[in-house]
Amino acid sequence: MNFNGKRVRIVNKRRFTLALFLLFISFLCAFMLMFNAVSGEEKIIYKDYTVAKGDTVWKIADINTGNDRDVREVVYEIVKVNNIKNQTIYPGQTIQVPIQE
């Protein structure tokens with residue numbers, strides 16, 4: 001090898017090969033992570049729900065939650081989107097409920 005007119009001699013070929021291999025693996029892992037990054041954003045659609053007598057935010061969230069989601073997250077989302085204070089809702093009130101697509 002030749003760097004800026006100076007000769008460089010590889011003393012230990014095994015160590016040099018191992019270093020190149022590890023460098024290659026590091027670049028490969030970094031490259032894969034760049035393109036396999038999960039955005040963490042899921043598309044959420046909201047549907048209108050008219051509150052019936054006896055409904056609670058928890059009950060509405062439980063009805064509209066799939067198996068892959070925690071009911072507490074849906075309760076939080078309903079409260080946040082509808083600006084509900086103290087989780088108080090009234091019969092006849094229309095609220096938006098998140099639905100995963």
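Position 1 is the first residue of the sequence; numbering continues from there. Keep in mind that the numbers below use all heavy atoms, side chains included, and drop hydrogens, waters and symmetry copies.
Grouped by direct or indirect side-chain proximity (heavy atoms under 4.5 Å, Ile/Leu/Val/Met/Phe/Trp/Tyr only), I95 sits with Y49, V51, V57, W58, I60, V71, V74, V75, I78, V79, I84, I89, V97. Think of F27 as one node in a network of Ile, Leu, Val, Met, Phe, Trp and Tyr side chains linked at under 4.5 Å; its network also takes in L23.
Under the side chain to side chain donor-acceptor pair (under 3.5 Å) criterion, no residue pair touches residues 88-97, with sequence neighbours excluded. Sorted by first then second residue, the side chain to side chain donor-acceptor pair (under 3.5 Å) pairs that include residues 74-86, not counting sequence neighbours, are Y46-E77, N83-K85. Annotation: salt bridge (charged side-chain N to carboxylate O under 4.0 Å, His left out) contacts involving residues 54-66, sequence neighbours excluded, comprise D55-K59.
In this view, D70 and R72 satisfy the salt bridge (Lys or Arg N to Asp or Glu O under 4.0 Å) rule, not counting sequence neighbours.
The minimum heavy-atom distance between P91 and A52, with the atom names listed, is CB-C, 4.3 Å.
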Residues 11-21, side-chain donor-acceptor partners within the protein, below 3.5 Å, at least two apart:
unit_1, atom_1, unit_2, atom_2, d
N12, OD1, R14, N, 3.1
N12, OD1, R15, N, 3.2
T17, OG1, K13, O, 2.7

